[in-house]
**Student:** 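Below: one structure in C-alpha coordinates.
The model shown is predicted, which means the values in this text are computed figures rather than measured ones. Every number for a ligand or one of its atoms is a count from 1 in the order of the listing.
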Amino acid sequence: MQAVTRTLKVELGERSYPIHIGAGVLSRSDLILPCLKQKKVVVVTNVTVAPLYLESLRSTLEKAEISMIPVVLPDGEQYKTWETLNLIFDGLLGARCERGTTLVALGGGVIGDMGGFAAACYQRGMPFIQVPTTLLSQVDSSVGGKTAINHPLGKNMIGAFYQPQLVLADIATLDTLPDRELKAGLAEVIKYGLIRDPEFFAWLEGNLEKLLVRNKEVLAYAVHRSCANKAEVVAADEHERGERALLNLGHTFGHAIEAGLGYGEWLHGEAVAAGTLIAAQLSQDLGWIDEASVRRIEELFHRAGLPVTGPVLGVDRYLDLMSHDKKVQDGKLRLVLLRGIGQAVVSDQASAAQIGRAIEARCTR
Ligand code: NAD
Ligand code: GLY
(Lines give C-alpha, C1' and ligand atoms only; values in the text may rest on other atoms or scores of the structure.)
(Ligands and ions follow the chains in the order given, each with its own letter.)
Protein backbone atom coordinates (compact mmCIF):
# COMPACT_ATOMS: atom_id res chain seq x y z
CA MET A 1 0.00 0.00 0.00
CA GLN A 2 1.28 3.45 -0.90
CA ALA A 3 1.83 5.74 2.11
CA VAL A 4 -0.05 9.04 2.26
CA THR A 5 1.57 11.81 0.23
CA ARG A 6 0.77 15.40 1.16
CA THR A 7 1.19 17.95 -1.60
CA LEU A 8 1.57 21.71 -1.35
CA LYS A 9 2.21 24.33 -3.98
CA VAL A 10 4.53 27.29 -3.87
CA GLU A 11 2.53 29.89 -5.78
CA LEU A 12 4.91 31.91 -7.92
CA GLY A 13 3.00 32.35 -11.17
CA GLU A 14 4.69 30.51 -14.01
CA ARG A 15 7.49 29.45 -11.63
CA SER A 16 5.07 27.73 -9.23
CA TYR A 17 6.05 24.23 -8.11
CA PRO A 18 4.78 21.37 -5.97
CA ILE A 19 6.22 20.01 -2.74
CA HIS A 20 5.40 16.34 -2.23
CA ILE A 21 5.83 15.09 1.35
CA GLY A 22 5.55 11.49 2.52
CA ALA A 23 7.31 8.23 3.29
CA GLY A 24 8.38 6.61 0.03
CA VAL A 25 8.00 9.53 -2.39
CA LEU A 26 11.55 8.87 -3.58
CA SER A 27 10.25 5.80 -5.39
CA ARG A 28 7.51 7.74 -7.21
CA SER A 29 8.78 8.21 -10.77
CA ASP A 30 5.30 9.56 -11.64
CA LEU A 31 6.04 12.60 -9.45
CA ILE A 32 9.44 13.28 -11.04
CA LEU A 33 8.72 12.52 -14.68
CA PRO A 34 6.49 15.54 -15.48
CA CYS A 35 9.42 17.86 -14.62
CA LEU A 36 11.98 16.29 -16.92
CA LYS A 37 12.72 17.47 -20.44
CA GLN A 38 15.43 14.94 -21.22
CA LYS A 39 16.20 11.26 -20.70
CA LYS A 40 19.28 12.16 -18.63
CA VAL A 41 19.60 13.88 -15.23
CA VAL A 42 22.60 14.85 -13.12
CA VAL A 43 22.30 13.99 -9.44
CA VAL A 44 24.42 16.07 -7.06
CA THR A 45 24.90 14.40 -3.70
CA ASN A 46 27.65 13.70 -1.17
CA VAL A 47 29.71 10.80 0.13
CA THR A 48 27.35 10.21 3.07
CA VAL A 49 24.03 10.33 1.24
CA ALA A 50 25.15 8.52 -1.93
CA PRO A 51 25.49 5.05 -0.32
CA LEU A 52 22.12 5.51 1.40
CA TYR A 53 19.84 6.83 -1.35
CA LEU A 54 21.56 7.15 -4.73
CA GLU A 55 20.61 3.62 -5.82
CA SER A 56 16.95 4.10 -4.79
CA LEU A 57 16.84 7.25 -6.89
CA ARG A 58 18.59 5.48 -9.77
CA SER A 59 16.02 2.68 -9.78
CA THR A 60 13.15 5.19 -9.62
CA LEU A 61 14.58 6.99 -12.63
CA GLU A 62 15.31 3.75 -14.48
CA LYS A 63 11.63 2.80 -14.17
CA ALA A 64 10.95 5.86 -16.32
CA GLU A 65 13.92 5.10 -18.61
CA ILE A 66 15.86 8.09 -17.34
CA SER A 67 19.62 7.70 -16.96
CA MET A 68 21.52 9.31 -14.11
CA ILE A 69 24.95 10.88 -13.89
CA PRO A 70 26.05 11.18 -10.25
CA VAL A 71 28.31 13.97 -8.97
CA VAL A 72 29.40 12.97 -5.47
CA LEU A 73 30.85 15.76 -3.34
CA PRO A 74 32.67 15.73 -0.01
CA ASP A 75 30.36 16.12 2.98
CA GLY A 76 30.20 19.14 5.24
CA GLU A 77 29.45 22.83 5.61
CA GLN A 78 33.18 23.53 5.22
CA TYR A 79 32.88 22.33 1.61
CA LYS A 80 30.15 24.82 0.70
CA THR A 81 32.74 26.72 -1.33
CA TRP A 82 33.76 27.86 -4.81
CA GLU A 83 36.11 24.89 -5.07
CA THR A 84 33.34 22.37 -4.47
CA LEU A 85 30.94 24.27 -6.70
CA ASN A 86 33.49 23.88 -9.49
CA LEU A 87 33.36 20.09 -9.05
CA ILE A 88 29.67 20.29 -10.00
CA PHE A 89 30.51 22.34 -13.10
CA ASP A 90 33.25 19.80 -13.95
CA GLY A 91 30.62 17.04 -13.75
CA LEU A 92 28.06 18.96 -15.81
CA LEU A 93 30.54 19.87 -18.54
CA GLY A 94 32.20 16.45 -18.49
CA ALA A 95 28.82 14.79 -19.11
CA ARG A 96 28.01 17.35 -21.85
CA CYS A 97 24.90 18.52 -20.05
CA GLU A 98 22.75 20.99 -21.89
CA ARG A 99 20.64 23.88 -20.68
CA GLY A 100 17.62 21.54 -20.68
CA THR A 101 19.26 18.82 -18.55
CA THR A 102 17.81 18.65 -15.03
CA LEU A 103 20.02 18.77 -11.93
CA VAL A 104 18.70 16.85 -8.94
CA ALA A 105 20.07 17.85 -5.52
CA LEU A 106 19.91 14.78 -3.26
CA GLY A 107 20.95 15.54 0.31
CA GLY A 108 20.72 18.11 3.06
CA GLY A 109 20.79 21.88 2.88
CA VAL A 110 24.45 22.07 1.90
CA ILE A 111 23.85 19.96 -1.20
CA GLY A 112 20.55 21.74 -1.94
CA ASP A 113 22.09 25.21 -1.66
CA MET A 114 25.15 24.32 -3.75
CA GLY A 115 23.26 22.25 -6.31
CA GLY A 116 20.71 25.02 -6.70
CA PHE A 117 23.41 27.65 -7.15
CA ALA A 118 25.18 25.50 -9.73
CA ALA A 119 21.86 25.07 -11.57
CA ALA A 120 21.28 28.83 -11.51
CA CYS A 121 24.71 29.46 -13.05
CA TYR A 122 25.20 26.60 -15.52
CA GLN A 123 24.52 27.94 -18.99
CA ARG A 124 22.69 30.78 -17.16
CA GLY A 125 20.12 28.44 -15.69
CA MET A 126 19.15 24.77 -15.94
CA PRO A 127 16.09 23.14 -14.31
CA PHE A 128 16.59 21.61 -10.89
CA ILE A 129 14.78 19.40 -8.41
CA GLN A 130 15.26 19.35 -4.66
CA VAL A 131 15.26 15.95 -2.93
CA PRO A 132 15.96 16.99 0.66
CA THR A 133 17.03 14.23 3.04
CA THR A 134 17.50 16.07 6.35
CA LEU A 135 14.74 17.50 8.51
CA LEU A 136 16.23 20.98 8.13
CA SER A 137 16.29 20.78 4.36
CA GLN A 138 12.77 19.33 4.19
CA VAL A 139 11.25 22.10 6.29
CA ASP A 140 13.30 25.02 5.09
CA SER A 141 16.22 25.08 2.68
CA SER A 142 14.66 23.08 -0.19
CA VAL A 143 11.72 25.47 -0.43
CA GLY A 144 11.88 29.06 -1.63
CA GLY A 145 14.81 29.17 -4.03
CA LYS A 146 17.61 30.57 -1.91
CA THR A 147 20.85 29.06 -3.16
CA ALA A 148 24.37 29.93 -2.09
CA ILE A 149 27.90 29.08 -1.08
CA ASN A 150 29.84 30.50 1.87
CA HIS A 151 32.71 32.99 1.86
CA PRO A 152 35.30 33.00 4.67
CA LEU A 153 33.92 36.44 5.60
CA GLY A 154 30.30 35.43 5.71
CA LYS A 155 27.83 32.63 5.34
CA ASN A 156 25.75 32.23 2.16
CA MET A 157 27.23 35.46 0.83
CA ILE A 158 27.54 34.34 -2.79
CA GLY A 159 24.33 33.04 -4.31
CA ALA A 160 21.13 33.53 -6.25
CA PHE A 161 17.38 33.27 -5.91
CA TYR A 162 16.59 30.32 -8.14
CA GLN A 163 13.45 28.23 -7.71
CA PRO A 164 13.36 24.44 -8.15
CA GLN A 165 10.78 22.75 -10.40
CA LEU A 166 9.82 20.30 -7.68
CA VAL A 167 10.56 19.39 -4.06
CA LEU A 168 10.35 15.72 -3.09
CA ALA A 169 10.57 15.32 0.70
CA ASP A 170 10.72 11.63 1.59
CA ILE A 171 10.07 11.34 5.32
CA ALA A 172 11.52 7.80 5.30
CA THR A 173 14.99 9.21 4.58
CA LEU A 174 14.93 10.77 8.05
CA ASP A 175 15.26 7.24 9.53
CA THR A 176 19.02 7.30 8.88
CA LEU A 177 19.62 10.86 10.05
CA PRO A 178 21.89 11.15 13.11
CA ASP A 179 20.06 12.37 16.24
CA ARG A 180 22.09 15.56 16.36
CA GLU A 181 20.99 16.47 12.81
CA LEU A 182 17.34 15.71 13.57
CA LYS A 183 17.48 18.07 16.55
CA ALA A 184 19.19 20.75 14.48
CA GLY A 185 16.29 20.54 12.01
CA LEU A 186 13.82 21.08 14.84
CA ALA A 187 15.27 24.57 15.35
CA GLU A 188 13.86 25.65 11.97
CA VAL A 189 10.55 23.89 12.69
CA ILE A 190 10.17 25.78 15.99
CA LYS A 191 11.05 28.98 14.11
CA TYR A 192 7.77 28.89 12.13
CA GLY A 193 5.78 28.70 15.35
CA LEU A 194 7.71 31.63 16.76
CA ILE A 195 7.51 33.96 13.79
CA ARG A 196 3.94 33.46 12.57
CA ASP A 197 2.14 30.33 13.78
CA PRO A 198 1.51 30.32 17.56
CA GLU A 199 -0.87 27.33 17.30
CA PHE A 200 1.93 25.33 15.71
CA PHE A 201 4.25 26.39 18.54
CA ALA A 202 1.72 25.02 21.05
CA TRP A 203 1.34 21.84 18.96
CA LEU A 204 5.13 21.41 19.06
CA GLU A 205 5.10 21.77 22.85
CA GLY A 206 2.62 18.88 22.94
CA ASN A 207 4.29 16.66 20.33
CA LEU A 208 8.01 17.19 20.73
CA GLU A 209 8.74 13.75 22.17
CA LYS A 210 6.96 12.06 19.24
CA LEU A 211 9.11 14.07 16.85
CA LEU A 212 12.25 13.07 18.71
CA VAL A 213 11.38 9.36 18.39
CA ARG A 214 10.64 9.95 14.68
CA ASN A 215 6.97 9.06 14.62
CA LYS A 216 6.39 9.25 10.86
CA GLU A 217 2.87 10.71 10.95
CA VAL A 218 3.92 13.41 13.40
CA LEU A 219 7.06 14.17 11.39
CA ALA A 220 5.06 14.38 8.16
CA TYR A 221 2.63 16.80 9.80
CA ALA A 222 5.49 18.99 11.10
CA VAL A 223 7.20 19.02 7.68
CA HIS A 224 3.91 19.82 5.96
CA ARG A 225 2.97 22.63 8.34
CA SER A 226 6.47 24.10 8.17
CA CYS A 227 6.46 24.02 4.37
CA ALA A 228 2.96 25.52 4.29
CA ASN A 229 4.23 28.44 6.37
CA LYS A 230 7.32 28.85 4.24
CA ALA A 231 5.38 28.57 0.95
CA GLU A 232 3.03 31.38 2.05
CA VAL A 233 5.91 33.66 3.01
CA VAL A 234 7.85 32.96 -0.20
CA ALA A 235 4.75 33.48 -2.38
CA ALA A 236 4.22 36.87 -0.74
CA ASP A 237 7.85 38.03 -0.84
CA GLU A 238 10.08 35.86 -3.02
CA HIS A 239 13.09 38.19 -3.02
CA GLU A 240 13.03 39.16 0.65
CA ARG A 241 11.99 42.77 0.34
CA GLY A 242 9.85 42.50 3.49
CA GLU A 243 8.13 39.61 5.23
CA ARG A 244 10.58 36.92 4.11
CA ALA A 245 13.28 38.44 6.32
CA LEU A 246 11.28 37.11 9.30
CA LEU A 247 12.41 33.60 8.34
CA ASN A 248 15.83 34.70 9.56
CA LEU A 249 14.85 34.78 13.24
CA GLY A 250 17.98 33.87 15.20
CA HIS A 251 20.06 33.69 11.99
CA THR A 252 22.05 36.94 12.31
CA PHE A 253 23.41 35.78 15.66
CA GLY A 254 23.52 32.17 14.44
CA HIS A 255 25.55 32.95 11.33
CA ALA A 256 28.02 34.87 13.53
CA ILE A 257 28.38 31.75 15.70
CA GLU A 258 28.92 29.51 12.67
CA ALA A 259 31.48 31.83 11.04
CA GLY A 260 33.12 32.75 14.37
CA LEU A 261 33.71 29.13 15.40
CA GLY A 262 34.56 28.00 11.85
CA TYR A 263 31.93 26.44 9.58
CA GLY A 264 30.97 22.93 10.59
CA GLU A 265 31.84 23.27 14.29
CA TRP A 266 28.25 24.00 15.33
CA LEU A 267 25.43 22.78 13.10
CA HIS A 268 23.35 25.50 11.44
CA GLY A 269 20.25 24.59 13.46
CA GLU A 270 22.22 24.61 16.72
CA ALA A 271 23.54 28.08 15.98
CA VAL A 272 20.02 29.23 15.03
CA ALA A 273 18.66 27.89 18.35
CA ALA A 274 21.21 29.82 20.42
CA GLY A 275 20.73 32.85 18.13
CA THR A 276 16.97 32.73 18.66
CA LEU A 277 17.47 32.86 22.42
CA ILE A 278 19.72 35.93 22.04
CA ALA A 279 17.02 37.56 19.88
CA ALA A 280 14.37 36.63 22.47
CA GLN A 281 16.53 38.06 25.27
CA LEU A 282 16.97 41.31 23.35
CA SER A 283 13.21 41.46 22.67
CA GLN A 284 12.60 41.05 26.41
CA ASP A 285 15.19 43.75 27.24
CA LEU A 286 13.36 46.09 24.85
CA GLY A 287 10.12 45.35 26.71
CA TRP A 288 8.53 43.68 23.68
CA ILE A 289 8.05 40.17 25.05
CA ASP A 290 7.55 38.98 28.61
CA GLU A 291 9.86 36.80 30.63
CA ALA A 292 7.36 33.92 30.73
CA SER A 293 7.34 33.74 26.91
CA VAL A 294 11.15 33.71 26.79
CA ARG A 295 11.12 30.88 29.33
CA ARG A 296 8.61 28.96 27.18
CA ILE A 297 10.89 29.35 24.15
CA GLU A 298 13.97 28.31 26.11
CA GLU A 299 12.13 25.28 27.49
CA LEU A 300 11.09 24.05 24.02
CA PHE A 301 14.60 24.41 22.55
CA HIS A 302 16.02 22.74 25.64
CA ARG A 303 13.60 19.81 25.35
CA ALA A 304 14.60 19.50 21.69
CA GLY A 305 18.20 18.99 22.85
CA LEU A 306 19.36 22.28 21.32
CA PRO A 307 21.73 24.86 22.81
CA VAL A 308 20.02 27.77 24.54
CA THR A 309 23.22 29.73 25.07
CA GLY A 310 25.88 30.74 22.54
CA PRO A 311 29.66 30.43 22.67
CA VAL A 312 31.80 33.19 24.18
CA LEU A 313 33.36 34.90 21.17
CA GLY A 314 33.42 38.40 22.68
CA VAL A 315 30.78 41.04 21.96
CA ASP A 316 33.03 42.93 19.50
CA ARG A 317 33.64 39.79 17.49
CA TYR A 318 29.90 39.04 17.37
CA LEU A 319 29.14 42.59 16.24
CA ASP A 320 31.87 42.49 13.60
CA LEU A 321 30.63 39.18 12.20
CA MET A 322 27.03 40.41 12.30
CA SER A 323 27.94 43.54 10.34
CA HIS A 324 28.23 41.31 7.23
CA ASP A 325 24.57 40.26 7.55
CA LYS A 326 22.46 40.52 4.41
CA LYS A 327 19.81 42.49 6.32
CA VAL A 328 22.26 45.38 6.92
CA GLN A 329 20.87 48.47 5.17
CA ASP A 330 22.91 51.68 4.81
CA GLY A 331 25.36 50.23 7.31
CA LYS A 332 22.60 49.76 9.91
CA LEU A 333 21.99 46.33 11.39
CA ARG A 334 18.39 45.10 11.21
CA LEU A 335 17.38 42.20 13.42
CA VAL A 336 14.41 39.88 13.58
CA LEU A 337 12.92 40.28 17.05
CA LEU A 338 9.79 39.07 18.81
CA ARG A 339 6.71 40.98 19.92
CA GLY A 340 5.26 37.72 21.25
CA ILE A 341 5.19 34.03 20.40
CA GLY A 342 3.98 33.94 16.80
CA GLN A 343 4.75 37.58 16.14
CA ALA A 344 8.15 38.50 14.70
CA VAL A 345 9.23 41.90 13.41
CA VAL A 346 12.30 43.28 11.63
CA SER A 347 13.74 46.17 13.60
CA ASP A 348 16.74 48.49 13.63
CA GLN A 349 15.72 49.93 17.00
CA ALA A 350 18.17 48.04 19.24
CA SER A 351 21.37 49.95 19.93
CA ALA A 352 24.79 48.28 19.73
CA ALA A 353 24.96 48.49 23.54
CA GLN A 354 21.62 46.71 23.95
CA ILE A 355 22.63 44.04 21.43
CA GLY A 356 25.93 43.62 23.26
CA ARG A 357 24.17 43.15 26.62
CA ALA A 358 21.88 40.46 25.18
CA ILE A 359 24.91 38.66 23.70
CA GLU A 360 26.73 38.82 27.02
CA ALA A 361 23.71 37.51 28.90
CA ARG A 362 23.11 34.62 26.50
CA CYS A 363 26.63 33.64 25.38
CA THR A 364 28.20 31.84 28.27
CA ARG A 365 29.50 28.55 26.83
P1 NAD B 1 23.80 19.18 5.78
O2 NAD B 1 23.42 19.35 4.39
O3 NAD B 1 25.23 19.39 6.13
O4 NAD B 1 23.36 17.74 6.26
C5 NAD B 1 23.65 17.33 7.56
C6 NAD B 1 24.40 15.99 7.59
O7 NAD B 1 23.49 14.93 7.39
C8 NAD B 1 25.45 15.84 6.53
O9 NAD B 1 26.53 15.12 7.05
C10 NAD B 1 24.74 15.02 5.47
O11 NAD B 1 25.60 14.33 4.63
C12 NAD B 1 23.94 14.11 6.33
N13 NAD B 1 22.74 13.54 5.75
C14 NAD B 1 21.88 14.12 4.89
N15 NAD B 1 20.81 13.37 4.74
C16 NAD B 1 20.99 12.26 5.49
C17 NAD B 1 20.22 11.12 5.75
N18 NAD B 1 18.98 10.98 5.26
N19 NAD B 1 20.72 10.17 6.56
C20 NAD B 1 21.96 10.33 7.13
N21 NAD B 1 22.71 11.40 6.94
C22 NAD B 1 22.23 12.36 6.13
O23 NAD B 1 22.99 20.15 6.75
P24 NAD B 1 21.46 20.64 6.79
O25 NAD B 1 21.17 20.88 8.21
O26 NAD B 1 20.58 19.76 6.01
O27 NAD B 1 21.53 22.03 6.03
C28 NAD B 1 22.27 23.11 6.53
C29 NAD B 1 22.56 24.03 5.38
O30 NAD B 1 21.36 24.54 4.86
C31 NAD B 1 23.41 25.24 5.78
O32 NAD B 1 24.43 25.41 4.83
C33 NAD B 1 22.43 26.39 5.73
O34 NAD B 1 23.04 27.61 5.40
C35 NAD B 1 21.49 25.94 4.67
N36 NAD B 1 20.15 26.53 4.74
C37 NAD B 1 19.65 27.09 3.62
C38 NAD B 1 18.39 27.62 3.63
C39 NAD B 1 17.79 28.15 2.37
O40 NAD B 1 16.73 28.75 2.42
N41 NAD B 1 18.40 27.90 1.24
C42 NAD B 1 17.63 27.60 4.81
C43 NAD B 1 18.18 27.02 5.96
C44 NAD B 1 19.45 26.49 5.91
N1 GLY C 1 15.76 30.28 5.22
C2 GLY C 1 15.37 31.63 5.02
C3 GLY C 1 14.68 31.87 3.74
O4 GLY C 1 14.48 30.99 2.95
O5 GLY C 1 14.33 33.00 3.45
**Student:** Can you name the residues that form a side-chain contact (heavy atoms from CB on, under 4.5 Å) with Glu291, not counting sequence neighbours?
**Tutor:** Gln284, Arg295
**Student:** What residues sit with at least one heavy atom under 4.0 Å from ligand 1?
**Tutor:** Asn46, Thr48, Val49, Leu52, Tyr53, Asp75, Glu77, Lys80, Gly108, Gly109, Val110, Asp113, Thr133, Thr134, Leu136, Asp140, Ser141, Lys146, Lys155, Asn156, Thr173, Thr176, Leu177, Pro178, Glu181, Glu188, Lys230, His268
**Student:** Can you hop from Leu300 to Val139 via hydrophobic side chains spaced under 4.5 Å?
**Tutor:**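 Yes; tracing contacts between hydrophobic side chains, which count when under 4.5 Å, links both residues.
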**Student:** Test of understanding: with side-chain contact (heavy atoms from CB on, under 4.5 Å), list the residues that count as partners of Thr84, not counting sequence neighbours.
**Tutor:** Leu73, Pro74, Tyr79, Thr81, Leu87, Met114
**Student:** How many angstroms lie between atom CD1 of Ile129 and atom CG of Leu166, to the nearest 0.5 angstrom?
**Tutor:**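 Interatomic distance, Ile129 CD1 to Leu166 CG, rounded to 0.5 Å: 5.0 Å.
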**Student:** Could you check Glu258, Lys326, Glu188 and say which one makes a side-chain hydrogen bond (donor to acceptor under 3.5 Å, both in side chains) with His251?
**Tutor:**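 Going through Glu258, Lys326, Glu188 one by one, the side-chain hydrogen bond (donor to acceptor under 3.5 Å, both in side chains) with His251 is satisfied by Glu188 alone.
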**Student:** Please test Thr173 against Asp170 for side-chain hydrogen bond (donor to acceptor under 3.5 Å, both in side chains), starting from the C-alpha separation and ending with a verdict.
**Tutor:** CA-CA 6 Å; Thr173 62; Asp170 192 331; 5.3 Å; no
**Student:** Charged N to carboxylate O below 4.0 Å: is that the case for Asp179 and Arg214?
**Tutor:** yes
**Student:** How far does CD1 of Ile195 sit from CG of Leu247, to the nearest 0.5 angstrom?
**Tutor:**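 One finds 4.5 Å between CD1 of Ile195 and CG of Leu247.
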**Student:** Under a 4.0 Å heavy-atom cut-off, which residues neighbour ligand 2?
**Tutor:** Asp140, Lys146, Lys230, Glu240, Arg244, Leu247, Asn248
**Student:** Judged by modelled atom types alone, do Gln163 and Arg15 share a side-chain donor-acceptor pair under 3.5 Å?
**Tutor:** no
